[in-house]
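Encoded as structure tokens, the structure appears first; notes follow it.
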Amino acid sequence: IEDLPGLDLGDVGAVGSPHDLVDLHQKAGAIALRQRLPHLDHGIALADRLQSGTLTLNALFDFAVVCRIGAAVALQQQGYPNQARQRGEEAIALTQGIASPYNRCNLFLFLAHFYLFRREYHQANQYANEALNLANKLGFLLYTALGTLGRGATLTTQEQMEEGVLVIQEGLIACSTLGAQFLQPW
């Protein structure tokens, strides 16, 4: 991991493929808050250079989007809310041209929780609903459960405490039924 920040597309042979290299930078970026931003920034730069039509409709993750999501979290946690918002907006712009609805749903869920933590409840509600609608439409059961959690959380911020708690409980039950243990503190 210490050598990873210096690895670039010319070093692909050492890790496998260009996509493997971007994946390594994204994973390294998730390790520790203090160390993650340089890895995520490098992952963004590499993914942006690889973007020219390399994603398929069934691609599970778009690393350019995933790295921007991680960078937004790191920036927010380090006290840079404007830069965090910018990275989130960049991720949104990237998903406009992505064929994979899974990536869009992933981003909407992230943004719902991101804006909840920023106490920007109107935007959180908007993204929770977009994630939930897309997940329901396409049958993404886990994302439906997670979107339900986000929707419940936004309801509690809109003076609809009882309904919000019931919706959160519904999301937790759905997560548990699927075997997922996300956001258990709720």
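Side chains are part of it too, since the values below use all heavy atoms of this structure and drop only hydrogens, waters and symmetry mates.
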>> In this structure, is the centre-to-centre distance between the rings of Y115 and Y121 below 6.0 Å?
In response: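 Aromatic pair excluded; centres sit 6.0 Å or further apart.
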
>> Would you say the rings of Y102 and Y143 are close, in the sense that their centroids are separated by under 6.0 Å?
In response: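 When the ring centroids of Y143 and Y102 are compared, they turn out to be within the sub-6.0 Å range.
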
Close side-chain approach of [X] to [Y], heavy-atom, < 4.5 Å:
X    : Y    : result
L146 : C175 : yes
Q76  : Q83  : no
V73  : F110 : yes
R68  : E89  : no
V165 : L155 : no
L166 : E163 : no
L134 : E130 : no

Might you point out which heavy atoms bring [X] and [Y] nearest each other, and give the distance in Å?
X    : Y    : answer
C105 : A131 : SG-O, 3.6 Å
A72  : F114 : O-CE1, 3.9 Å
L142 : A180 : CD1-CB, 3.7 Å
A112 : A128 : CB-N, 3.5 Å
A124 : T154 : C-CG2, 3.7 Å
L178 : A145 : CD1-CB, 4.4 Å

Please determine whether residues [X] and [Y] belong to a single hydrophobic cluster, defined as Ile, Leu, Val, Met, Phe, Trp and Tyr linked transitively by side-chain heavy-atom distances below 4.5 Å.
X    : Y    : result
L132 : L141 : no
L109 : I173 : no
V65  : F140 : yes

> Is any side-chain N of the basic residue among R87 and D41 closer than 4.0 Å to the acidic one's carboxylate O?
Replying inline: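 The answer is yes: the pair qualifies as a salt bridge.
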
> Any salt bridge between R85 and E120, counting N to O under 4.0 Å?
Replying inline: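 Salt bridge flag = yes for E120 with R85.
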
>> So does L172 get a backbone contact from the side chain of S176, meaning a donor-acceptor N/O pair under 3.5 Å?
In response: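 The answer is no, because no donor-acceptor pair under 3.5 Å joins these two groups.
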
>> side-chain contact (heavy atoms from CB on, under 4.5 Å), that's the test. Do I168 and R151 meet it? Break it down for me.
In response: CA-CA 8 Å; I168 289 171; R151 174 72 179 126; over 6 Å; no

>> Would I69 and N106 count as a side-chain contact (heavy atoms from CB on, under 4.5 Å) here? Give the steps.
In response: CA-CA 10 Å; I69 289 171; N106 185 42; 4.3 Å; yes

> When rounded to the nearest 0.5 angstrom, what is the spacing between CG in L75 and OH in Y80?
Replying inline: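 One gets 8.5 Å once the value is rounded to the nearest 0.5 Å.
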
